Every structure is written in C-alpha cells, then in structure tokens.
Protein chains: 2
Amino acid sequence: MIPLLAEVFREHGYEGATISRIHDKTGFGRGSLYHFFPGGKEDMAAAVLAEVDGWFEQHIFEPLRQADDAELAIGQMFDAVTTYFRSGGRVCLVGAFALTDARNRFGAAVGGYFARWIEALALALRHAGASDSMAVALAEDAVLGIQGAIVIARSLDDRAAFERAMQRIQARTLVWKE
Amino acid sequence: MIPLLAEVFREHGYEGATISRIHDKTGFGRGSLYHFFPGGKEDMAAAVLAEVDGWFEQHIFEPLRQADDAELAIGQMFDAVTTYFRSGGRVCLVGAFALTDARNRFGAAVGGYFARWIEALALALRHAGASDSMAVALAEDAVLGIQGAIVIARSLDDRAAFERAMQRIQARTLVWKE
DNA sequence: ATGATATTTGAACGATCGTTACACTCTGGA
DNA sequence: TCCAGAGTGTAACGATCGTTCAAATATCAT
C-alpha cells in the first residue's frame with residue numbers, strides 16, 4: 001500500500017496527490033485511507049517519506065557505514081541507486097519535495113535524509129583513505145550529482161544520460177586525487 | 001508581472017500555484033489575469049517558462065556560444081547562475097517542473113531548455129580545446145551538478161553547500177584531463 | 001454463537017479549485 | 001466630446017478539494 005501511495009506522491013507531488021488519485025491508485029476508499037492515516041494527507045506523505053528513508057537506511061546508508069570494503073560498497077551504492085530510480089525514470093520523492101513548499105512541511109525528514117546519505121558516503125570514503133575534507137566534498141558531489149541526473153534524465157527523457165552520469169560520478173568518486 | 005508569476009510557480013509548483021495565490025502575489029484580479037492569459041493557468045505557466053528561457057538564452061546560452069574567451073565565459077556562467085538561483089535559495093522552475101507531471105504538459109519547453117544549455121556549454125568547451133565527447137560529458141555534468149546543488153542546498157537549508165558545489169564543479173569543468 | 005474490534009463504504013460537509021460572464025473604469029485618438 | 005477598446009473588479013458557475021461521519025461489513029478471540 002505504501003509503495004502505491006509513494007507512486008502517487010512521486011508522480012504528482014504533494015499538492016497534486018489528491019485523495020481521488022490516491023483512491024484510484026490504491027483502491028482504498030476514503031474511509032479506509034483515513035482509518036490508516038488519521039492525520040490525512042500529511043500523515044500519508046509522512047508515512048511514505050518514512051518508508052523511503054527506511055529503505056535507504058537499510059540498502060544504502062547502513063551498508064556504506066558498515067562496509068569492510070568501502071570501494072565495493074560505494075560501487076554497490078551506484079548500482080542500487082540506478083535500479084531504484086530506474087535510470088531516472090523514477091523521481092526521488094525527497095528531492096521532489098525539496099523543490100516545492102512541501103519542504104516547509106517535511107523539512108526535518110528531507111534534510112535528515114540527505115544529511116545522513118552524505119555522512120554515510122563520506123564515512124565510507126574516509127574508510128577508503130580519503131581525508132576528512134576530501135571525503136565530505138566527494139560525498140556531497142556524488143549525492144548532488146545523483147539528484148541532478150534525475151532532473152536532467154527526466155527533462156531530456158533520456159535514461160542513457162542518467163547512466164552516463166552515474167558512470168562519470170562513480171569514476172571520480174572512487175578515483176580521487178588529493 | 002511575469003517575475004511575480006514565476007515566483008508563485010517556483011514556490012508552489014504548477015499544481016500548487018492557485019489563482020488565489022497568483023492574485024495575492026501579483027495584485028491582479030481574476031479578470032485581469034484572464035485578460036492577459038486567455039488560456040488560464042497553463043497559459044501563465046507557459047509565459048513564465050518562455051520568460052525564463054529567454055533570460056537564459058540572453059545571459060547564459062548565447063554568451064557561451066559567442067564567447068571569444070571560452071574559459072572566461074564559463075566562469076561567468078557559474079557566477080551568473082549562482083546569483084540567479086541565489087545560492088540555492090531560489091529554485092530552478094524548469095527543473096522543478098521536470099520532477100512532477102507538469103513535465104508532461106511542458107515537455108518540449110523543459111527538454112529544450114536543458115538541451116540548449118548543455119549544447120551551448122559543450123560548444124564553449126570544444127572552443128576551449130576539449131574533444132567532442134569530453135565537451136559533452138563535462139557539459140552534462142556541469143548542468144546536472146547545478147540542478148543537484150539546488151536540490152541539496154534547499155534540502156539542507158544551506159547556501160554555503162551550493163557555493164561549495166559551484167566551486168568544485170567549475171574547477172573540474174575548466175581543468176579537465178582527457 | 002456472541003460481542004468487541006478492525007476495516008470499509010459512500011454520502012455529505014464547507015472550502016477552494018479554475019474558469020466564465022458581465023458590468024465597470026480607464027485611456028487615447030478622432 | 002465622444003467612442004472604441006483595453007483593462008479591471010466581482011459575483012457566480014460546476015467541479016473537485018481534504019475531511020468527517022454514521023452505518024454496514026469483516027475478522028476473530030472467547
């Protein structure tokens with residue numbers, strides 16, 4: 001159910017995700033929706049954000065933090081991200097929220113997601129031998145590049161552009177020069 | 001007037017930009033709005049997109065194409081972009097549209113904007129000595145990085161992060177290795 | 001089988017959506 | 001001075017918004 005909800009918010013944004021559209025997509029009537037999410041639409045969006053955050057914690061952030069082979073883990077991150085965002089065919093819900101005034105409503109969730117992503121990646125890079133400042137710079141650049149790649153791939157309707165970008169970003173993240 | 005309209009669409013997205021909010025921001029009544037934009041909201045958004053596109057053509061794309069000193073022009077592009085987007089305090093309307101289903105409505109305008117930006121920047125880079133493939137790769141990376149920097153700066157509510165990103169992107173765009 | 005609880009249905013609420021229509025004021029040329 | 005057209009203000013339209021609610025149904029331990 002949450003994945004279906006997420007799809008509606010991803011496609012239409014917070015304001016565009018109407019209860020009607022949510023009903024159409026999920027099949028749940030209004031009563032059921034408000035039974036599971038007494039807080040209404042804001043509650044639904046918060047649940048979706050939490051689910052997305054949980055997925056990234058489990059499949060992206062924690063592996064980066066716990067990795068024995070940091071470079072391997074970083075490579076796997078790019079693979080997982082490419083699959084998750086379907087080469088730009090799927091939007092990052094958190095990034096999309098960040099660009100509208102939904103950010104004001106979910107500021108903590110949005111900020112925390114990216115802060116923890118950058119931190120986890122920077123930790124892995126330090127583990128791979130990068131200096132503190134270099135690790136943070138590379139991590140910021142990589143996360144920001146992924147978000148930008150989604151924007152450009154969607155704008156140009158060109159998934160190959162997304163994959164090219166992932167290749168370049170991965171390359172310069174793993175092979176850095178101080 | 002168009003700049004005020006643009007602000008509403010930037011803050012709230014296409015769906016969230018209601019006629020009431022547009023009235024509040026611009027001061028124009030419904031009658032006036034539909035007098036200037038007979039096509040209604042879609043007409044307004046199209047006009048705003050055209051104005052944004054025109055601004056970038058004049059201040060970003062054309063200088064890149066016409067530059068005698070390509071490296072200087074590229075440096076000026078980053079300065080202009082940092083000012084225009086107010087270090088991430090202001091959203092890229094085209095990028096924001098790309099992430100919602102407004103893209104389906106304005107696909108040509110959205111796609112054209114980024115395609116011409118990348119082309120103009122790649123032309124300047126070729127003019128500065130880069131190979132064809134290197135120029136396109138660097139141009140894609142730079143434009144995508146700018147979009148990503150907006151997302152991250154807004155998410156973290158951290159304009160310094162935007163400016164750090166601009167520094168790094170500019171550096172690796174101007175000093176490349178084949 | 002019974003009763004308590006969980007879930008669902010669908011009508012309805014007031015508010016707001018985008019849009020239209022019409023009367024009104026303003027403006028500049030004849 | 002007058003008129004045509006540009007621009008404005010406002011009421012109202014049907015549609016849809018997010019939300020509420022009471023009644024109906026499903027589920028399940030006892």
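The chains referred to below are lettered A, B, ... by the order of the sequence lines, with proteins before strands, and numbering in each begins at 1. Note that the structure is a prediction, hence the values are computed from the model and not measured.
To the nearest angstrom, P of dT8(C) lies 12 Å from CZ of F37(A). The CD1-C1' distance, from I22(A) to dT16(D), rounds to 14 Å in whole Å. In this entry the distance linking CG of L33(A) with C1' of dT19(D) reads 12 Å, nearest Å. When rounded to the nearest whole Å, the span between CG of D24(A) and P of dG10(C) equals 14 Å. Taking atom NE2 on H23(B) and atom C1' on dG7(D), their separation rounds to 16 Å, with Å as the unit.
Using a 4.0 Å cut-off between a side-chain N of Lys or Arg and a carboxylate O of Asp or Glu, E11(A) and R21(A) do not qualify as a salt bridge.
More than 12 heavy atoms of other residues, nucleotides or ligands lie within 6.0 Å of NE2 in H59(A), so this atom counts as buried by the packing criterion. Within 6.0 Å of CD on Q167(A) lie no more than 12 heavy atoms contributed by other residues, nucleotides or ligands.
The minimum heavy-atom distance between G40(A) and Y34(A), with the atom names listed, is CA-CE2, 3.4 Å.
Between F56(A) and Y113(A), the ring center distance clears the sub-6.0 Å criterion.
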Distances under 3.5 Å between nitrogen or oxygen atoms of protein and nucleotides 18-25 of chain C:
unit_1	atom_1	unit_2	atom_2	d
dG18(C)	OP1	K41(B)	NZ	2.9
dG18(C)	OP2	I19(B)	N	2.7
dT19(C)	OP2	Y34(B)	OH	2.7
dT19(C)	OP2	K41(B)	N	3.0
dT19(C)	O5'	Y34(B)	OH	3.2
dT19(C)	O4	R30(B)	NE	2.5

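Contact between the side-chain N/O atoms of H35(A) and the OP1/OP2 oxygens of dT8(C) is not found at any separation under 4.0 Å.
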>> Let's go through M166(A) and I146(A) carefully: what are the C-alpha distance in whole Å and the side-chain angles of both, what is the deciding distance for side chain to side chain contact (heavy atoms under 4.5 Å, CB included) to 0.1 Å, and is it a yes or a no?
In response: CA-CA 7 Å; M166(A) 287 305 104; I146(A) 292 164; 3.8 Å; yes
